[in-house]
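Encoded as structure tokens, the structure appears first; notes follow it.
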Amino acid sequence: MLSSKIIEWYHQNKRNLPWRETSNPYFIWLSEVILQQTRVDQGLEYYLRFIEAYPTVFDLAGAHQEEVLRNWQGLGYYSRARNLHAAAQYIANELNGNFPSTFTELKKMKGVGDYTAAAISSIAFGEKKAVVDGNVYRVLSRLFEIDTPINSNKGIKKFSNLADSLIDNKRPGDYNQAMMELGATICKPKKPLCPECPLAAECQSLKNQTQQNYPVKINKTKVRDRYFNYLVVENESKIFFQKRPQKGIWAGLFEFPLIETDKVVEDFQLLVKNLPDWIKPKDIAIGIPSSKIHLLSHQRINARFWPIDLAKVDNQTRINFFTEDEIEQLPKHQLIVNYLNDNPIFKT
DNA sequence: GAGGCGTGGAG
DNA sequence: TCTCCAAGCCT
């Protein structure tokens, strides 16, 4: 039996990870959301931080969104943090703290889709729901040499049905974790460790040496160029920060005033006509700009930072100027964090 | 339902 | 330097 083989392998080879030491569905949920599209190595410290800062779903529900985002800083896909917060409030306020315990109920939480609902329901509650994540796609497509693209409707259905047909009836949670662990540590995208694989005897792609052909994917996202001009405006040892819109990239995070252009700007004079109204050209002194390319999965941000010394600030605008310590507490995206690390603005 | 949404590690 | 891509979800 295939499921017995990998479950046995799992019990002997699984990594010791903190979310495997608990049956608390709240903790398991946190780990699953943190690990969406994220490697264990990267997510681990965030998991430890979140269970420390928010030991219960009520603690998370009662936190300020800005603080949750600050704790999420650097992990990416920030809608996960906002959805996590909203779902915690949903559980605390509408479900009286009773954590949803079935696939169907779990899916009503923001940020919980098919994968995460199946993971939580099987691992925390023993429900017989097979997970299909990137690992499972890879393992199954290689095992049976399945050519159907994993990101087509047909493929999603096919792999879902296949995973369900293989699930262990008595230990669905272990089966799911075993499949993912196998994909993460043995059946890796590149250089799979086939000699160590518990399924080597029945793997079609090992037999035919076609591992690198699987899984099959379509629709590769192409990267688009964007040109961001950030105004690093200083006044009396404070820097102006503003919050990004609640939609789009880096939603709700703080950054410097931004002027987006359709190409690289070399001369500051080209930006003058687009300055925010609280920056009067007569009141400013421009420093030496610096450039940085920030790569995202779907965009290449060509960033240019323009240091600006602003002589006069009205009271209305003053509230957007922050001290070094205040800036440390603001949730910021990585482009801004990197800039601040590379360019100490505040001399000690 | 195709595209938007981050970051960093591996090769 | 460049490409791929990692325990996906939402619109």
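Computed from heavy atoms alone, side chains included, the values below leave out hydrogens, waters and symmetry copies. Throughout, a chain's letter reflects where its sequence line sits, starting with A, and its residues are numbered from 1.
Annotation: of the two residues near DNA chain B, A:K188 and A:R226, the 5′-most nearest-nucleotide partner is A:R226. Both A:N153 and A:K332 sit near DNA chain B, but only A:N153 has its closest nucleotide nearer the 5' end. For A:P189 and A:M109, each mapped to the nucleotide of DNA chain C holding its nearest heavy atom, the one lying further toward the 5' end belongs to A:P189. Between A:Q42 and A:A117, the residue anchored closer to the 5' end of DNA chain C is A:Q42, taking for each the nucleotide with the nearest heavy atom.
For the pair A:R15 (side chain) and A:E181 (backbone), a donor-acceptor distance under 3.5 Å is absent. Side chain of A:R304 to backbone of A:S291: no donor-acceptor contact under 3.5 angstrom is found.
The interatomic distance linking A:I218 (CD1) with C:dC4 (P) rounds to 15 Å, in whole Å. Taking atom CZ of residue A:R224 and atom C1' of nucleotide B:dG4, one finds them 9 Å apart after rounding to whole Å. When the P atom of B:dC5 is taken as reference, atom CH2 of A:W72 falls 18 Å away, rounded to whole Å. Rounding to whole angstrom units, NZ of residue A:K247 and C1' of C:dT11 are separated by 8 Å. Atom CG in A:N151 sits roughly 15 Å away from atom P in C:dC9 (whole-Å rounding). The CG-P distance, from A:N83 to B:dC5, rounds to 15 Å in whole Å. Atom-to-atom, CZ of A:R39 to P of B:dG6 comes out at 17 Å; the value is rounded to the nearest Å. The distance between atom CG of A:L35 and atom C1' of B:dG6, rounded to the nearest whole Å, is 15 Å.
For C:dG8, the OP1/OP2 oxygens have a side-chain nitrogen or oxygen of A:Q37 closer than 4.0 Å. Taking only side-chain nitrogens and oxygens, A:W250 never comes nearer than 4.0 Å to OP1 or OP2 of B:dG4. Side-chain N/O atoms of A:Y77 include none lying less than 4.0 angstrom from OP1 or OP2 on C:dC10. Contact check, A:H333 against B:dC5: no side-chain N or O comes under 4.0 Å of OP1 or OP2. For B:dC5, one of the phosphate oxygens OP1 or OP2 lies less than 4.0 angstrom from a side-chain nitrogen or oxygen of A:Q299. In this structure, A:H298 reaches the B:dC5 phosphate: one of its side-chain N or O atoms is under 4.0 Å from OP1 or OP2.
Using P as the reference atom, B:dG6 and C:dT11 are 14 Å apart when rounded to the nearest Å.
Under a cut-off of 6.0 angstrom, the local environment of CD1 in A:I319 is crowded, with over 12 non-hydrogen atoms contributed by other residues, nucleotides or ligands.
As judged by a 4.0 angstrom heavy-atom cut-off over every strand, A:G43 is placed among residues making no nucleic acid contact. Within 4.0 Å (heavy atoms only), A:V33 reaches no atom of the nucleic acid at all. Across all strands shown, A:I34 has no heavy atoms under 4.0 Å from either base or sugar-phosphate atoms. Residue contacts shown for A:D114 are limited to sugar-phosphate atoms, with no base heavy atom under 4.0 Å away. As judged by a 4.0 angstrom heavy-atom cut-off over every strand, A:R244 is placed among residues making no nucleic acid contact. No contact: A:N176 has no heavy atom under 4.0 Å from any strand. Residue A:R15 is in base contact, counting any heavy-atom pair closer than 4.0 Å across all strands shown. Among the heavy atoms of the strands lying under 4.0 Å from A:I249 are primed sugar atoms or P, OP1, OP2 only; no base atom is included. Residue-level contact check: A:R138 touches the backbone only, with heavy atoms under 4.0 Å from sugar-phosphate atoms and none from bases. Among the protein residues, A:G183 comes within range of no part of the nucleic acid, since none of its heavy atoms lies under 4.0 Å from any strand. Across all strands shown, A:K110 has heavy atoms under 4.0 Å from sugar-phosphate atoms exclusively, and none from any base. Using a 4.0 Å heavy-atom criterion, one finds that A:W19 contacts the bases of the nucleic acid, with or without backbone contacts as well. Using a 4.0 Å heavy-atom criterion, one finds that A:S31 contacts no nucleic acid atom at all.
Ring planes of A:F27 and A:Y47: perpendicular class, angle over 60° (limits at 30 and 60°). The aromatic rings of A:Y230 and A:F256 lie perpendicular to each other, with more than 60° between the two planes, well past the 30° mark.
Residue side chain A:S297 reaches the base of B:dG6 through a donor-acceptor N/O pair under 3.5 Å, judged by distance alone.
Taking the six-membered ring for Trp and the full ring otherwise, the centers of A:W250 and A:Y78 sit at least 6.0 Å from each other. Here A:W72 and A:Y77 keep their ring centres 6.0 angstrom or further from each other.
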A:K14 vs A:Y10, side-chain contact (heavy atoms from CB on, under 4.5 Å): CA-CA, chis, key distance, verdict:
CA-CA 5 Å; A:K14 67 177 178 181; A:Y10 175 67; 3.4 Å; yes
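Ranking B:dG6, B:dG8, B:dG11 by closeness to the A:K190 side chain, first place goes to B:dG11.
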